[in-house]
A.B. asks: 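First the structure, then my questions, so here it is.
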Amino acid sequence: MAVILDPLFQSILDAPVGQVESTLKEALECDVHLDIIEQNQISGTNFVRKVTITANELPVILAIVNFDSKILPSNVTSDLLRKRDGVGTILTRNHVKAKRRIISVDYDDKLEKVTRKYQIIIDNTVWFEIIEEIRLDYITSCKNS
């Protein structure tokens with residue numbers, strides 16, 4: 001079954017790597033912030049990072065990012081370990097051209113939440129695996145405020 005989404009929601013799903021934050025800011029015309037909630041080494045060179053993007057203080061996107069630092073360039077790893085910026089910002093700042101490969105997209109029954117799993121690919125190598133929960137109900141609240 002094909003799901004037809006509001007153009008705003010679709011633009012968020014279609015935003016290029018590194019431009020989700022700016023897409024939200026532009027569409028919602030409000031304060032949008034990315035916060036790294038935590039980042040932990042889970043084993044050896046494998047890390048997990050939890051991120052939230054808020055709009056008008058509502059958590060509109062929650063993401064879990066998995067990466068292996070041994071496959072990343074040292075400048076990217078260094079930026080990630082500082083825990084200041086999102087993955088997309090770091091890749092953009094380091095002039096890394098990335099592609100998103102969608103693994104799955106699932107919608108809840110009321111179309112209030114989208115869960116998406118994808119990979120960020122650079123030169124045919126998976127650098128990041130991300131699971132996102134996008135709260136469409138919160139985005140609607142921000143849009144209407």
Side-chain angles (χ1 to χ4, degrees), residues 1-28 30-73 75-94 96-143:
M1 172 180 94
V3 176
I4 299 172
L5 294 177
D6 174 286
L8 167 63
F9 305 149
Q10 195 62 54
S11 71
I12 294 164
L13 290 173
D14 294 342
V17 173
Q19 294 183 22
V20 172
E21 227 180 315
S22 60
T23 299
L24 275 169
K25 249 182 218 179
E26 191 174 302
L28 298 177
C30 69
D31 288 334
V32 175
H33 300 284
L34 182 140
D35 294 303
I36 293 138
I37 305 304
E38 66 178 285
Q39 179 171 292
N40 298 302
Q41 186 174 9
I42 51 176
S43 70
T45 57
N46 293 307
F47 290 81
V48 66
R49 169 185 264 218
K50 295 179 183 176
V51 175
T52 184
I53 297 177
T54 58
N56 280 347
E57 299 182 23
L58 291 171
V60 294
I61 299 178
L62 306 169
I64 298 172
V65 180
N66 291 289
F67 64 95
D68 184 344
S69 63
K70 75 179 175 200
I71 65 168
L72 304 176
N75 56 332
V76 171
T77 299
S78 177
D79 280 353
L80 286 165
L81 296 178
R82 283 189 191 104
K83 303 177 192 173
R84 288 189 200 132
D85 297 311
V87 168
T89 300
I90 292 169
L91 295 177
T92 301
R93 181 173 46 243
N94 287 285
V96 176
K97 301 240 186 253
K99 290 189 252 179
R100 181 183 292 124
R101 179 187 313 155
I102 305 295
I103 306 299
S104 64
V105 178
D106 297 304
Y107 305 88
D108 72 337
D109 294 339
K110 296 178 183 177
L111 287 182
E112 292 177 346
K113 178 173 66 171
V114 175
T115 304
R116 171 168 77 164
K117 182 176 182 179
Y118 63 94
Q119 298 170 326
I120 294 180
I121 312 281
I122 292 88
D123 296 328
N124 296 317
T125 301
V126 176
W127 280 21
F128 302 95
E129 218 170 66
I130 300 172
I131 298 172
E132 277 180 336
E133 180 181 283
I134 304 169
R135 295 295 308 255
L136 304 177
D137 53 344
Y138 290 173
I139 291 170
T140 299
S141 293
C142 291
K143 186 171 114 176

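The figures here come from the full heavy-atom set of this structure, side chains too, leaving out hydrogens, waters and symmetry mates.
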A.B. asks: Are the side chain of Arg49 and the backbone of Ala63 linked by a donor-acceptor contact shorter than 3.5 Å?
C.D. replies: no
A.B. asks: Looking at Pro59, is its backbone amide N or carbonyl O close enough to the side chain of Thr54 to form a donor-acceptor pair, meaning the two atoms are under 3.5 Å apart?
C.D. replies: no
A.B. asks: So that I can tick it off, tell me whether Asp108 and Lys110 are bridged by a salt bridge, with the cut-off set at under 4.0 angstrom between side-chain N and carboxylate O.
C.D. replies: no
A.B. asks: Does Lys113 come within less than 4.0 Å of Glu133, counting only side-chain N to carboxylate O?
C.D. replies: yes
A.B. asks: Do Trp127 and Val87 pass the side chain to side chain contact (heavy atoms under 4.5 Å, CB included) test, and can you show the C-alpha distance, the side-chain angles, and the key distance before you say yes or no?
C.D. replies: CA-CA 10 Å; Trp127 280 21; Val87 168; over 6 Å; no
A.B. asks: Can you tell me how far the OG1 atom of Thr92 sits from the NZ atom of Lys97, to the nearest 0.5 Å?
C.D. replies: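 These two atoms lie 9.0 Å from each other.
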A.B. asks: With a 4.5 Å cut-off on side-chain heavy atoms, are Leu28 and Leu8 touching?
C.D. replies: yes
A.B. asks: So, Arg135 side chain and Ile61 main chain: donor-acceptor pair closer than 3.5 Å or not?
C.D. replies: no
A.B. asks: Do Asp68 and Thr45 get their side chains close enough for a donor-acceptor pair, meaning under 3.5 Å?
C.D. replies: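 Yes, side-chain donor-acceptor contact under 3.5 Å.
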A.B. asks: Are any of the side-chain heavy atoms of Phe9 and Ile139 separated by less than 4.5 Å?
C.D. replies: yes
A.B. asks: Do you know which two heavy atoms are closest between Ala55 and Cys142, and how far apart they sit?
C.D. replies: O-SG, 3.1 Å
A.B. asks: Do Thr115 and Tyr107 come within less than 4.5 Å of each other through their side chains, counting heavy atoms only?
C.D. replies: no
A.B. asks: Using a cut-off of 6.0 Å, state whether more than 12 heavy atoms not belonging to Glu57 lie near its atom CD.
C.D. replies: no
A.B. asks: Would you say the side-chain atoms of Gln41 pair up with the backbone N or O of Gly44, donor to acceptor, closer than 3.5 Å?
C.D. replies: yes
A.B. asks: What heavy-atom pair brings Leu13 and Arg100 nearest, and what distance separates the two atoms?
C.D. replies: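 For Leu13 and Arg100, the tightest heavy-atom pair comes out as O-NH1, 3.7 Å.
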A.B. asks: For the CG atom on Asn40, are there more than 12 heavy atoms of other groups (residues, nucleotides or ligands in this structure) within a distance under 6.0 Å?
C.D. replies: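 For Asn40, atom CG is crowded (more than 12 foreign heavy atoms under 6.0 Å).
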A.B. asks: Checking Ser78 side chain against Asn75 main chain: does a donor-acceptor pair fall under 3.5 Å?
C.D. replies: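 Here the side-chain-to-backbone pair does not exist.
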A.B. asks: Within the 4.5 Å heavy-atom criterion, are Val20 and Ile53 side-chain neighbours or not?
C.D. replies: yes
A.B. asks: In Å and rounded to the nearest 0.5 Å, what is the CG to OG distance from Asn46 to Ser69?
C.D. replies: 7.5 Å
A.B. asks: Does any donor atom in the side chain of Glu129 or Tyr118 lie under 3.5 Å from an acceptor atom in the other side chain?
C.D. replies: no
A.B. asks: Looking at every non-hydrogen atom in both residues, tell me the closest pair between Lys25 and Val32 and how far apart they are.
C.D. replies: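 Between these two residues, the closest heavy atoms are CE-O, 3.5 Å.
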A.B. asks: Quick one: are Leu34 and Thr52 in side-chain contact, heavy atoms under 4.5 Å?
C.D. replies: no
A.B. asks: Taking Asp79's backbone N and O only, do any of them form a donor-acceptor pair with Arg93's side chain (distance below 3.5 Å, no angle check)?
C.D. replies: no
A.B. asks: Restricting to non-hydrogen atoms, name the atom on Ile64 and the atom on Lys50 that form the minimum distance, rounded to 0.1 Å.
C.D. replies: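 In terms of heavy atoms, the two residues are closest at CG1-CG, 4.3 Å.
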A.B. asks: How long is the gap from CD on Gln19 to CD on Glu26, to the nearest 0.5 Å?
C.D. replies: 9.5 Å
A.B. asks: Could you check whether any side-chain heavy atom of Phe67 comes within less than 4.5 Å of a side-chain heavy atom of Leu80, counting everything from C-beta outward?
C.D. replies: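 Yes, at least one pair of side-chain atoms sits under 4.5 Å.
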A.B. asks: Pair Val65, Phe47 - check side chain to side chain contact (heavy atoms under 4.5 Å, CB included), show working.
C.D. replies: CA-CA 8 Å; Val65 180; Phe47 290 81; over 6 Å; no
A.B. asks: Do Ile103 and Gln119 have side-chain heavy atoms sitting under 4.5 Å apart?
C.D. replies: yes
A.B. asks: Side chains of Val60 and Ile134: does their closest heavy-atom pair fall under 4.5 Å?
C.D. replies: no
A.B. asks: Distance from Ile130 atom CD1 to Arg116 atom CZ, nearest 0.5 Å?
C.D. replies: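 One gets 8.5 Å once the value is rounded to the nearest 0.5 Å.
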A.B. asks: Working to the nearest 0.5 angstrom, can you tell me the gap between Asn66 CG and Ile42 CD1?
C.D. replies: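 Those atoms lie 5.5 Å apart.
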A.B. asks: Given 3.5 Å as the limit, does a donor-acceptor pair link the side chain of Ser141 with the main chain of Asp137, or not?
C.D. replies: yes
A.B. asks: If I compare all heavy atoms of Val126 with all of Ile71, which pair ends up nearest, and what's the gap?
C.D. replies: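 It is O-CD1, 2.9 Å.
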A.B. asks: Working to the nearest 0.5 angstrom, can you tell me the gap between Arg101 CZ and Ile121 CD1?
C.D. replies: 3.5 Å
